[in-house]
Amino acid sequence: MYSKDEIVVCKKSKLEIQNIFNQGIIDRDDLKILKHPRRILCANYPIIKDNGEQEIITAFRVLYNNNLGPGKGGIRFHPSVDLDEVSELAFIMSLKTALVDLPFGGAKGGIRIDPKEFSKTELEKISRGYVREFCKYFGPQIDVPAPDVNTTPEIMGWMIDEYNKITGENTKAFITGKTIENGGSEGRDKSTAMGGFYILQEEYKEIQDKLKLKVAIQGFGNAGSVMANLLQAEGYTVVAVSDSSTAIYNERGLDIEDVFNYVYGGDKKQRLIGYSNAKQISNEELLELDVDILVPAALGGVITIQNVKNIKAKNILELANGPITVEAEHVLEEKNIQVIPDLLANAGGVIVSYFEWDQNLKEEHWSLEDVNNKLKDRIITAYKKVLEVAGKESLSLRKAAYKIAIQKINKK
Ligand code: NAD
């Protein structure tokens with residue numbers, strides 16, 4: 001058992017909450033309720049490996065807050081998973097679900113493994129074991145998991161099967177991020193980028209000729225590559241994209257279709273370092289390009305006090321979680337560079353997860369067009385609300401988003 005004074009969780013977010021409390025944006029009651037996670041679960045359970053040896057698996061599930069509904073949040077498989085990280089992510093989920101008005105609280109799970117070191121059979125045992133450990137704390141009206149880093153629709157399938165075996169239920173709504181055949185939603189795979197894209201479309205709706213808008217995107221994975229495709233299809237000039245190997249640049253605009261086919265078109269995913277139809281630059285240079293829109297879509301903490309003075313973008317859309325450090329954000333504010341915060345910018349994923357849960361409960365299957373229309377409505381409503389509060393109270397978009405979300409959680 002952990003007591004609230006024994007554990008230190010959510011260092012970065014607590015700092016941010018403390019900051020906005022100090023500035024009078026939220027009050028003492030708001031601060032109290034969000035200081036500690038509602039429930040922390042930790043397990044060390046054995047599995048038998050293919051070679052007959054026993055291995056102990058360390059796993060966590062944190063339900064940060066459930067004022068607005070059941071917990072919602074993914075499960076990640078990663079060697080660096082710890083209680084602090086899982087709690088931080090669960091905290092962010094609580095704010096995100098509140099901001100976009102979902103009937104969910106916030107939660108997150110993690111298993112401390114390097115999935116590359118385990119066979120498929122072993123991963124299945126690990127996934128099923130996780131559900132067995134925490135089963136009574138999961139359920140469509142209690143806490144609803146989903147995929148996250150290194151977890152896939154197939155893993156969600158093993159988990160739902162285990163849950164239904166243990167409980168004797170036959171519910172699809174226990175988990176989201178499933179394959180379509182297994183009750184998943186249309187549009188879930190592209191929903192994170194799609195949500196951010198709708199925000200940009202709203203932001204630049206007055207600009208007819210989108211070619212004028214130059215964009216750089218860090219990260220060409222699930223979120224970044226979909227965003228690049230969506231923007232180019234609408235006529236924006238995507239001048240740079242990157243992955244962990246390099247960044248590529250063309251000041252007149254990259255041919256994103258060609259880049260996409262190069263990376264994803266073959267049997268095996270290719271790294272951008274081998275792409276020869278554009279100039280290679282470093283990831284650091286990409287962040288410092290003179291563009292209208294910069295989209296960090298890779299890692300956290302990439303815009304720091306060291307490089308922030310060189311950032312020239314006019315607008316930053318945080319598709320990645322936490323790409324800007326707290327100190328760097330102060331400098332961006334001084335430089336009048338707008339930041340559309342992660343809380344809002346990448347909420348498309350959890351919005352469509354909610355749609356999946358809702359469809360499962362109602363035993364419905366919505367068309368892609370329906371899903372995207374509902375996603376657009378919900379994210380644009382939240383975006384307009386953030387703009388309104390930011391404008392009225394002279395706050396940054398992030399602070400306005402925090403305020404709206406925290407007050408929602410506290411039902412103010
Ligand atoms: P992904 O693993 O599919 O892609 C990550 C991309 O970042 C890859 O192209 C990878 O090569 C690149 N990358 C890794 N290290 C890098 C480095 N040091 N420098 C430059 N690029 C690097 O991941 P994703 O699902 O696209 O997620 C990207 C970000 O978006 C993460 O911060 C994630 O938390 C956030 N996010 C994703 C979703 C989603 O639904 N996919 C939802 C919410 C938030």
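In each ligand, atom 1 is the first atom listed, and ligand 1 is the first ligand listed.
- Heavy atoms of N321 found under 4.0 angstrom from ligand 1 belong to the backbone as well as the side chain.
- In terms of protein heavy-atom proximity, atom 9 (O) of ligand 1 is closest to F220 N, 3.0 Å.
- Scanning the protein heavy atoms around atom 8 (C) of ligand 1, the nearest turns out to be G221 N, 3.8 Å.
- A donor atom on one side chain and an acceptor atom on the other are not found under 3.5 Å apart for D29 and N410.
- Among protein heavy atoms, the minimum distance from atom 26 (O) of ligand 1 is reached at A223 N, 2.8 Å.
- Here N222 has heavy atoms under 4.0 Å from ligand 1 in both its backbone and its side chain.
- Relative to the ring axis of F118, K49 places its NZ or CZ within 45° and under 6.0 Å from the centre.
- E284 and N307 share no side-chain donor-acceptor pair at under 3.5 Å.
- Counting only heavy atoms of the protein, atom 30 (O) of ligand 1 lies nearest to L319 O, 3.4 Å.
- Protein non-hydrogen atoms do not reach within 4.0 Å of atom 23 (O) of ligand 1.
- Using cut-offs of 30° and 60° on the angle between ring planes, the pair Y354 and W357 is tilted.
- Taking a cutoff of 4.0 Å between a charged side-chain nitrogen and a carboxylate oxygen, K214 and D292 do not qualify as a salt bridge.
- Residue G219 has at least one heavy-atom neighbour below 4.0 Å for each of these atoms of ligand 1: 6 (C), 7 (O), 9 (O).
- A298 O, 3.3 Å is the protein heavy atom nearest to atom 31 (C) of ligand 1.
- If you check the side chains of W366 and E364, you find a donor sitting under 3.5 Å from an acceptor.
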Would F197 and M227 satisfy side-chain contact (heavy atoms from CB on, under 4.5 Å), going step by step from the backbone distance to the final call? CA-CA 7 Å; F197 168 73; M227 180 59 111; 4.0 Å; yes
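- Looking at Y262 and N277, their side chains never bring a donor and an acceptor atom within 3.5 Å of each other.
- The protein atom (non-hydrogen) at minimum distance from atom 44 (C) of ligand 1 is N346 ND2, 3.4 Å.
- In the candidate list S353, S244, A347, S244 is nearest to atom 13 (N) of ligand 1, counting heavy atoms.
- From the protein, the heavy atom lying nearest to atom 40 (O) of ligand 1 is T192 OG1, 2.7 Å.
- Counting protein heavy atoms under 4.0 angstrom from atom 2 (O) of ligand 1 gives zero.
- The distance between the ring centers of F174 and F138 falls below 6.0 angstrom.
- With a heavy-atom cut-off of 4.0 Å, A247 does not touch ligand 1 at all.
- In this structure, F91 and Y402 have tilted ring planes: the angle between them lies in the 30° to 60° band.
- When non-hydrogen atoms are compared, ligand 1 lies under 4.0 Å from the side chain of L299 (C-beta onward) but not from its backbone.
- Counting the atoms of ligand 1 from 1 in the order shown, those under 4.0 Å from a heavy atom of N283 are 19 (N), 20 (C).
- A distance-only check finds no donor-acceptor pair linking the side chain of N373 to the backbone of D370 [under 3.5 Å].
- Among D342, D243, N150, the residue whose heavy atom lies closest to atom 21 (N) of ligand 1 is D243.
- Annotation: atom 28 (C) of ligand 1 to nearest protein heavy atom, A297 O, 3.3 Å.
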